[in-house]
Structures are given as C-alpha cells and as structure tokens.
Amino acid sequence: MRRDMTVRTRFAPSPTGLLHIGNARAALFNYLFARHHKGEFLLRIEDTDRERSTQKAVDVILDGLDWLGLTPDAAPVYQSARQQRHTEVAQELLAQGLAYKCFCTADELKIMREQAVAQGLPPRYNGFWRDRDPSEAPSGAPFSVRLKAPKEGETVIEDLVQGAVRVANTEMDDLIILRSDGSPTYLHAVVCDDHDMEITHVMRGDDHLTNTFRQAMIYRAMGWALPQFAHLPLIHGPDGAKLSKRHGAQSVVDFREAGYLPEALCNYLLRLGWGHGDAEILSRDEQIALFDLDGVGRAPSRMDYTKLAHLNGVYLREADPARLTEDVVARLADRSDVVTDDLFRERVLKLMPGLQARAKLLTDLAESAAFLGKKPPLTFDAKAEKLLDAPTQAVLRRIADKLAQLSPFDAPSIDAALRAFADEAGLKLGQVAQPLRAAMTGTLVSPGIDATLAALGRDDVLARIGAATGHG
C-alpha cells in the first residue's frame with residue numbers, strides 16, 4: 001500500500017432482504033480496516049434490482065449499521081441513481097471497439113447453452129455476434145452490450161486474503177454490461193461505482209471471487225487501476241453447513257431481538273475469522289488499533305452460539321445499568337402482566353447490578369426483572385409452590401412482622417434483620433431467604449434477597465408476603 005494513499009473501503013449491500021450476519025461481519029471488517037489506516041468507510045446501496053429492492057430493506061440496513069456502531073463517513077450512495085454513468089461507460093467501451101452489440105434472443109441463447117452442455121462444455125455464450133457487423137441484425141432488433149473478453153493468457157488476482165488466484169481467460173465468456181432494456185448489469189455497475197468512489201480496497205465474501213475475474217476485465221478495458229481485493233471466508237453453521245434458519249439467529253435483527261448487545265456481537269464477529277494472539281475481548285478502540293488483513297484466515301468460520309452467549313454475558317456484566325434498564329423496560333412494555341411505569345423503572349435500575357451479574361442475554365435480563373412490575377397475587381412455578389407449604393407460610397408471617405418494623409428499609413438493614421431472625425428461629429439463612437424469594441418473584445431465583453426486598457420497597461414486600469400466605 002502506498003504511504004500517500006487514502007484508504008477507502010465500502011460496504012455495498014443489496015436491499016432485498018435482511019442484513020445477514022455474514023454481511024454484518026464484512027461491514028465490520030471494512031470499517032475497522034478503514035479506521036486502522038485512518039481512511040474512509042463508505043456505504044453504497046446496490047438497489048439496481050428494482051423489483052426486489054425495497055425501502056423497508058434499506059431502512060433495515062441503515063438501522064442495523066447504526067445499532068452495530070458502524071457509521072459511514074458520508075451519505076449512502078444509491079446505485080440506482082447512477083444508471084446514466086453506468087451507461088456512459090458501456091457506450092465508451094462500445095465506441096472503442098472493446099464491447100459489441102449482441103442481438104441474440106433468449107431462445108437462441110438457450111440453444112447455445114444446451115449445445116455446449118451436449119458437447120461437455122460449460123453452458124455459456126459462444127461469441128456469435130462478437131465479430132459480426134451489427135447491420136446483419138434485423139432492423140430495430142433489441143440488443144445487449146457485451147464486453148470482449150481476452151481469449152489468451154490468464155487473469156491473476158493478488159488477493160490479500162486468498163493469495164494469488166488465477167483463471168485462464170478461455171474460461172470466461174463475453175460479459176453482458178448492458179441488458180437489452182438498457183439497464184446495466186450488477187457486475188458492470190459495481191466496477192463503475194468502485195472506480196468513481198475511489199475505493200482502494202474491496203473486502204467482501206469469497207462467494208464473490210469468481211465475479212472479480214469478470215470485473216477485472218472491465219477495469220482493464222477502461223484503463224482503470226484495480227482496487228486491492230480481499231475475499232473473506234464465509235460463515236457456516238455449527239455443523240459446517242451453510243448458515244440457515246435451522247441454526248438459529250442469522251440476521252442482525254434476529255440477534256438484536258434475541259437479546260445480544262451490539263458490542264458483544266461485533267467482538268464475536270471480529271474473532272470469527274480474525275485473530276490476534278490470545279486476545280478475546282477487545283474494545284472498539286483496541287479493535288481499530290489491532291485489525292489488519294494479515295490476521296484474517298482463509299477457512300470458513302463456524303457459528304458457535306454458546307460461545308457468543310457467554311461473551312454476551314461478559315459484556316452484560318460490564319454494561320451501564322441505566323442503559324440495560326431502558327432495554328428491559330422496552331422489552332417488557334407490551335406484557336399485559338407487567339406494569340412498566342416509572343416505579344418499575346426505578347426498581348429495575350436499583351436491582352440491575354444483581355440482575356446483570358446472572359444474565360447472558362437481554363431477554364434473560366428482562367424476564368428476570370419482570371417480577372418487579374407484577375401485582376400480587378403472583379403465579380408460582382412448581383418449585384416455589386412446593387416450598388410455600390403451611391409451615392413455611394407461618395415463617396413468612398413472622399418475617400413480615402419483623403420487616404414491618406424495620407427502619408431504614410435498605411439492603412444492609414434487611415440483611416442484618418434476616419440474619420438475626422434466622423438465629424432466633426434456629427434456621428439457616430437459606431431457609432429464610434428462599435421462602436422470601438418465592439413470595440417476591442414466584443420462583444426460587446433472584447439477586448440477593450436483601451437487594452431484592454429493598455428494590456421492591458416495604459409496602460410491596462408486605463403485600464407479596466400477605467398474598468403468598470393467604471393473608472393479602
């Protein structure tokens with residue numbers, strides 16, 4: 001790389017569906033590479049497929065990048081708005097004799113492919129109109145524009161991940177750059193856009209590697225310098241097969257809804273195909289400082305959802321309690337059995353240090369906090385209901401008498417009072433805490449019982465004990 005070169009990378013998704021996790025990783029790598037080299041990260045929406053491209057899908061892309069913290073350095077470029085430029089380049093190639101008009105009909109092309117297969121050859125165009133005079137075509141017949149592929153030698157791509165990759169030019173047919181309706185093909189539009197945007201590094205999935213050889217023909221025909229290419233290995237499911245719905249979450253939206261933090265997901269995606277020694281957990285600044293392409297492997301990566309959930313738990317424990325509280329409130333807002341008012345928000349924030357220490361996903365966190373917004377009587381799970389037998393209810397009523405007199409009603413005072421009660425009653429602390437936990441949450445799981453009671457407040461604690469003991 002020249003020292004005076006401003007690195008420019010781009011993320012160029014097609015808005016025809018969800019933002020797949022493989023695309024998100026490509027965006028992350030492009031972003032980190034540009035930041036590492038103090039360059040620019042750009043976004044191009046490749047929306048030339050007008051029938052399948054939707055504004056909803058564009059919004060999903062923009063929202064997903066924003067959630068992941070991958071902010072482009074300029075407004076998005078929309079490929080559909082550049083059709084005139086794509087056509088100009090095709091016409092220039094046509095004028096220079098580097099491209100030609102092809103008048104073959106769809107039926108004629110189908111016959112060509114069938115004949116090639118019958119001869120044991122690849123099913124492709126045979127160059128019928130390459131050296132013919134267009135005047136031989138019927139007057140007014142529609143035509144596509146094809147680029148003249150070189151017939152001898154080989155094309156070599158010095159890929160920054162895959163190494164030197166080569167293909168014999170005899171393996172490539174004459175590429176259509178303008179369709180018969182005048183619209184540019186994807187492969188042609190991408191080259192024009194990358195050149196005009198001064199993209200220096202094209203980093204994308206290695207399923208695009210074969211496209212690169214065909215795109216290189218356009219660069220060379222126009223006399224344009226090729227960007228450097230880096231084709232990233234794909235992400236597979238845990239079983240090594242192509243990632244699909246049966247494996248679980250596969251789009252950025254899926255992961256967000258499933259309860260992952262964006263920084264945890266980015267950290268995981270970074271380590272999925274790139275490494276730096278034993279480093280596992282890296283801040284965004286550390287990622288930018290360390291990331292370069294020499295750490296990217298060539299082999300496909302496998303999603304490990306268990307490892308991702310563990311990493312998410314690590315990030316959850318370090319996250320800002322106020323931020324997590326807002327996420328919990330949003331996730332429970334539509335629950336009919338939970339009141340997500342200001343009091344609920346206050347309770348969640350107060351108990352969050354204990355809640356976030358146990359959770360791996362934001363969905364877990366929300367579920368574990370839901371009891372703070374429920375009104376007694378609660379619904380008890382099987383273990384809690386079994387524990388709350390008559391003798392235990394009698395113990396709870398005695399505890400209620402102690403708590404009713406306690407002042408101040410805070411965690412340290414509650415802890416001291418419960419320990420004193422256990423000593424007086426000849427009980428272990430767990431024999432006091434677990435019945436209280438059942439009465440407060442409907443389960444036998446919660447943060448420390450002192451913090452839990454303090455977050456609920458005296459009135460609600462007494463109301464819940466009363467409901468659980470039949471004296472509410």
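Predicted model only: the values in this text are computed from it and were never measured.
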* **Charged N-O contact under 4.0 Å between Arg8 and Asp73** => no

* Any donor-acceptor pair under 3.5 Å from Thr200 side chain to Val7 backbone -> no

* Can the ring centres of Phe29 and Phe291 be said to be less than 6.0 Å apart? -> yes

* To do: Using the test side-chain contact (heavy atoms from CB on, under 4.5 Å), find all partners of Ile176 that sit at least two apart in sequence or belong to another chain.
  => Ser144, Arg146, Thr185

* Asked: Any side-chain heavy atom of Leu62 sitting closer than 4.5 Å to one from Pro76?
  -> yes

* To do: Taking the side chain as every heavy atom from C-beta outward, state whether Arg10 and Leu43 have any atom pair closer than 4.5 Å.
  => no

* List in chain and number order the residues that pass side-chain contact (heavy atoms from CB on, under 4.5 Å) with Val339, two or more places apart in sequence or in another chain; answer none if no residue qualifies. => Asp341, Lys375

* To do: Indicate, with yes or no, if the rings of Phe33 and His201 have centres closer together than 6.0 Å.
  => yes

* Could you list the residues that satisfy salt bridge (Lys or Arg N to Asp or Glu O under 4.0 Å) with Glu326, not counting sequence neighbours? => Arg345

* Does a side chain donor of either Gln393 or Asp389 reach within less than 3.5 Å of an acceptor in the other side chain? -> no

* Asked: Have Ser80 and Asp47 got a donor and an acceptor in their side chains that come within less than 3.5 Å?
  -> yes

* With a cut-off of 6.0 Å (strictly less than), are more than 12 heavy atoms of other residues, nucleotides or ligands near CD of Gln84? -> no

* Asked: Can you list every salt bridge (Lys or Arg N to Asp or Glu O under 4.0 Å) pair that touches residues 228-239, not counting sequence neighbours?
  -> Asp239-Arg246

* Structure fact -> Sorted by chain and number, sequence neighbours left out, side-chain contact (heavy atoms from CB on, under 4.5 Å) with His208 holds for Tyr186, Arg204, Asn211, His231

* Taking only residues at least two apart or on different chains, which pairs with a member in residues 261-277 satisfy side-chain hydrogen bond (donor to acceptor under 3.5 Å, both in side chains)? -> Glu263-Arg323, Asn267-Tyr315, Arg271-Glu280

* Asked: Is there a donor-acceptor contact under 3.5 Å linking the side chains of Asp181 and Ser183?
  -> yes

* Trace of the salt bridge (charged side-chain N to carboxylate O under 4.0 Å, His left out) decision for Arg419 with Asp423 -> CA-CA 6 Å; Arg419 290 180 184 277; Asp423 287 342; over 6 Å; no

* Taking only Lys NZ, Arg NE, NH1 and NH2, and the carboxylate oxygens of Asp or Glu, determine whether Arg82 and Glu88 approach each other closer than 4.0 Å. => no

